[in-house]
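Below: one structure, written as structure tokens.
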4 protein chains.
Amino acid sequence: MSSEERRQQIIDGATEVLIEKGIVASRMNDFIEASGLSKGGVYHHFSSKEELMIGVLTHLLVINAESMQAIPDTGSAREQLILLLQEYEKVIASLAQYNRLLLDFFVLAPHTPEVSELFKQGYLSFLAKLSGLIQQGIDEGEFKASTNPEAIARGLQALYDGMGMTMMVVPNLVSFPSDASETAMTIIAGMCR
Amino acid sequence: MSSEERRQQIIDGATEVLIEKGIVASRMNDFIEASGLSKGGVYHHFSSKEELMIGVLTHLLVINAESMQAIPDTGSAREQLILLLQEYEKVIASLAQYNRLLLDFFVLAPHTPEVSELFKQGYLSFLAKLSGLIQQGIDEGEFKASTNPEAIARGLQALYDGMGMTMMVVPNLVSFPSDASETAMTIIAGMCR
Amino acid sequence: MSSEERRQQIIDGATEVLIEKGIVASRMNDFIEASGLSKGGVYHHFSSKEELMIGVLTHLLVINAESMQAIPDTGSAREQLILLLQEYEKVIASLAQYNRLLLDFFVLAPHTPEVSELFKQGYLSFLAKLSGLIQQGIDEGEFKASTNPEAIARGLQALYDGMGMTMMVVPNLVSFPSDASETAMTIIAGMCR
Amino acid sequence: MSSEERRQQIIDGATEVLIEKGIVASRMNDFIEASGLSKGGVYHHFSSKEELMIGVLTHLLVINAESMQAIPDTGSAREQLILLLQEYEKVIASLAQYNRLLLDFFVLAPHTPEVSELFKQGYLSFLAKLSGLIQQGIDEGEFKASTNPEAIARGLQALYDGMGMTMMVVPNLVSFPSDASETAMTIIAGMCR
DNA sequence: TATGAATGAGTTTTCATTCAT
DNA sequence: AATGAATGAAAACTCATTCAT
């Protein structure tokens, strides 16, 4: 087994542990046990717990990014925007357990610049797509000229993030994705001329 | 000093520590030092670290709730809704440091039923106000009859929560409150007939 | 309530706690709670945990001693000996829970001279009765002249103590009092000419 | 040094500590110091203080059992019984310090099923030997047919246990092994036809 | 590469006792 | 006599990391 495969094996085990116990309660020993390797074995591939955590988070964000299908760039900006959000809803729903884990990583972010940076990349990439489509809608006269594309993009992103978080913290309080979808459609309606 | 005041004194000290160090890096010893009492003194009032954390969170949510001024019930539903959201923005801004702390507690919530329950109460109370106003707007013919008050209320709540979270995790990425305000106004515009 | 009654009230509560939790797991707080008084209240009457324990043990031994009915000094030495042992069996059976507690105190004895001394008094008092009766049997020609009264007395005492202990440590292994009784009768048979 | 040897090294150190300080006053730190290892090292082999105590007790009972030499099965049942008891006396005398420690463990037994079970095994093994010999004596017509082998076996066991206990609790009150021996011989005399 | 015994500073918690009121 | 808040040394145990093999 190659070194890269070993790393992935360790990350996979650690991910399962984190999903089950949460980041606060997960110990290096748990990760080691789940890896199927020994202490020294794991430390050979990840020189510290923090490095392993970054490895897990990176993998998580990659999965998230890869899950987003390419949206066909045909149709009006509004239609493409709706498709993009629907795609996002699917990703959130299908990666529910991973997203719960992402919330755990949030707690690390303020104290770990590297984690914060990883999150930022993920945010910016999605934001760029959203604001791009909104700008396109304005240019094509579909959305009001007074619309601030960046603000609305960040609002949409916050809407979905906030809803995902609420689901984690207080299960069964929101109904996903219908609540998010309904609100997003209302935002789009508000933007239309 | 009464027992109740002592509890508050301990909670206040712990809150400062938590804001500064985060919940993951805060040690019981930090809380004890900040309390001005001895180890046994603190444990006399809170029988474990977890109980103290719950005490802090409860106080936090109480502060949050109390910070929401009573909104005058004059004017149209739309006007009242805007006032309510502006008030919420003010609270988020003024309690920025507390909200960062709240994010820390979010992570605890999925593994601590008592914490989850506390959050739920806070959510429901704000949601009720929002959906009440939206319903009123529908009844008065200001908002579209097709609007789903609960869904939009939950969407608005998620919008603000998500934006608050983003600010904590990736500072300087969103501009608060303008982004939230702009998005909220667009939602309201989308609801209007 | 007089000071003496208060002391007894505290001792009674502590005795219940000790029976339930054992001496190793019983805390001063448990005694205080069981006493119905406050911390300071209990400490007013017993200046330390050790003093309270000695108070409990003393009371226990007094109960034990008082439980032994006076044996009528009529009949042969053998008959009186049998009556005395039957009486002892009854005491052991009726004070089973107290005796379990006594075992707990045994472990304290080697490290607490005052406790050791209390036990010694109890031992000596019962031993004196036993060896007195055996000596009487020898003098009256009922027991063999070669009998060593002190040795047999200590043997009988050890027999009952050992059986009591076994019952505490490994319940249901011995059948009391029949096993003890049977063995004691065999000892008496062995002493008879 | 193998893992098994390390365990034994830790047990040996802990045994010395327990003999010197008693089970109530012995701290985990004492065991750690006596082991020559570090805290983590000891906890690597015994996951709690209780588990270590069980390790010590198990070893103690094994020593006790192994110390009993095989009794030649020639001679009458009475002769073999006497040899067995003499052997037991020797073991008790030579392992005096270990037996004091056993008394300490008695106190743990009522609240620790695992400890209780260990004692039970030791009891049953010795009882089986005793009652077997007594039965043999009955069969061979040496002992009275009315003798109850189990009861007398348990009585003999209790006699020695009780005497051992008395020695620990009130030193110098009994004279061992002569008191036990004298009583045991009287029991045997009482069983003989 | 991999093993797993070992480290030890750090963590939460306990608990007999004191003392101002 | 009584209260109960407060003390603080000491207890058991944790856990990321190291290192000889």
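Each chain gets a letter, A, B and so on, in the order its sequence line appears, and its residues count up from 1.
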Original post:
Quick one, which residues of residues 9-19 of chain A touch DNA chain E with a heavy atom under 4.0 Å?
Top reply: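 Within this stretch, nothing sits under 4.0 Å of the strand.
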Interatomic distance, [X] [atom1] vs [N] [atom2] [rounded to whole Å]:
{"X": "Arg6(C)", "N": "dT3(F)", "atom1": "CZ", "atom2": "C1'", "answer": "12 Å"}
{"X": "Leu37(A)", "N": "dT1(E)", "atom1": "CG", "atom2": "P", "answer": "12 Å"}
{"X": "Glu33(B)", "N": "dG8(F)", "atom1": "CD", "atom2": "P", "answer": "14 Å"}
{"X": "Phe46(D)", "N": "dA6(E)", "atom1": "CZ", "atom2": "P", "answer": "12 Å"}
{"X": "Leu52(A)", "N": "dC15(F)", "atom1": "CG", "atom2": "C1'", "answer": "15 Å"}
{"X": "Arg7(B)", "N": "dA5(F)", "atom1": "CZ", "atom2": "P", "answer": "12 Å"}
{"X": "Phe31(B)", "N": "dT12(E)", "atom1": "CZ", "atom2": "P", "answer": "8 Å"}

Give the table of side-chain donor-acceptor pairs shorter than 3.5 Å for residues 33-45 of chain B, with sequence neighbours excluded, one pair per line with atom names and distance.
{"from": "Ser35(B)", "atom 1": "OG", "to": "Ile32(B)", "atom 2": "O", "distance (Å)": "2.6"}
{"from": "Ser35(B)", "atom 1": "OG", "to": "Leu37(B)", "atom 2": "N", "distance (Å)": "2.9"}
{"from": "Ser38(B)", "atom 1": "OG", "to": "Gly41(B)", "atom 2": "N", "distance (Å)": "3.2"}
{"from": "Lys39(B)", "atom 1": "NZ", "to": "Asn29(B)", "atom 2": "OD1", "distance (Å)": "3.2"}

**OP:** Could you pull out all residues at least two apart from Glu16(D) that satisfy side chain to side chain donor-acceptor pair (under 3.5 Å)?
**Re:**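 Glu16(D) satisfies side chain to side chain donor-acceptor pair (under 3.5 Å) with no residue once adjacent residues are dropped.
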Original post:
Quick one: side chain to side chain donor-acceptor pair (under 3.5 Å) partners of Arg6(D), sequence neighbours excluded?
Top reply: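 Partners of Arg6(D) under the side chain to side chain donor-acceptor pair (under 3.5 Å) test: Gln9(D).
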Original post:
So how far off straight is the helix from dA2(E)-dT21(F) to dT21(E)-dA2(F), going by the axes through five pairs at either end, to 10°?
Top reply: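 Here the helix ends are tilted 10° relative to one another.
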Original post:
Using atom P of each nucleotide, how far apart are dT1(E) and dT21(F) to the nearest Å?
Top reply: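 Each nucleotide's P atom is 23 Å from the other's.
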Under 3.5 Å, which donor-acceptor pairs link side chains of residues 46-57 of chain C to any protein atom two or more places apart or in another chain?
{"from": "Ser47(C)", "atom 1": "OG", "to": "Glu51(C)", "atom 2": "OE1", "distance (Å)": "2.9"}
{"from": "Ser48(C)", "atom 1": "OG", "to": "Glu50(C)", "atom 2": "N", "distance (Å)": "3.4"}
{"from": "Ser48(C)", "atom 1": "OG", "to": "Glu51(C)", "atom 2": "N", "distance (Å)": "3.2"}
{"from": "Lys49(C)", "atom 1": "NZ", "to": "Ser26(C)", "atom 2": "O", "distance (Å)": "3.1"}

According to side-chain contact (heavy atoms from CB on, under 4.5 Å), who are the partners of [X], at least two apart in sequence or on a separate chain?
{"X": "Asp104(B)", "result": "Val107(A), Ile23(B), Leu101(B)"}
{"X": "Glu66(D)", "result": "Val62(D)"}
{"X": "Gln97(C)", "result": "Ile19(C)"}

Can I get a per-line list of side-chain donor-acceptor pairs under 3.5 Å for residues 108-120 of chain B, giving both atom names and the distance, sequence neighbours left out?
{"from": "Thr112(B)", "atom 1": "OG1", "to": "Leu108(B)", "atom 2": "O", "distance (Å)": "3.0"}
{"from": "Ser116(B)", "atom 1": "OG", "to": "Val169(A)", "atom 2": "O", "distance (Å)": "3.0"}
{"from": "Glu117(B)", "atom 1": "OE2", "to": "Gln121(B)", "atom 2": "NE2", "distance (Å)": "2.6"}

**OP:** For the residue pair Thr58(B) and Ile11(B), establish whether any side-chain heavy-atom pair is separated by less than 4.5 Å.
**Re:**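 No, their side chains stay 4.5 Å or more apart.
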**OP:** List the protein contact pattern of nucleotides 13-21 of chain E with one symbol per nucleotide (5' to 3'): B for base contact, S for sugar-phosphate-only contact, - for none; contact means a heavy-atom distance under 4.0 Å.
**Re:** BBBSBB---
**OP:** Please name the pair of heavy atoms, one in Leu60(A) and one in Phe105(A), separated by the smallest distance, quoted to 0.1 Å.
**Re:**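 Between these two residues, the closest heavy atoms are CD2-CE1, 4.1 Å.
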Subject >> Nearest-neighbour nucleotide for the His44(D) side chain, dA5(F), dA5(E), dG8(E) considered >> reply: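 Given the options dA5(F), dA5(E), dG8(E), the side chain of His44(D) is closest to dA5(E).
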Original post:
If you check every side-chain atom of His45(B), which of dA5(F), dA2(E), dT1(E) has the closest atom?
Top reply: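 The answer is dA5(F), which lies nearest to the side chain.
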**OP:** Taking salt bridge (Lys or Arg N to Asp or Glu O under 4.0 Å) as the test, write out the residues that go with Asp30(A), two or more places apart.
**Re:**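 In terms of salt bridge (Lys or Arg N to Asp or Glu O under 4.0 Å), with neighbours along the sequence ignored, Asp30(A) is linked to Lys21(A).
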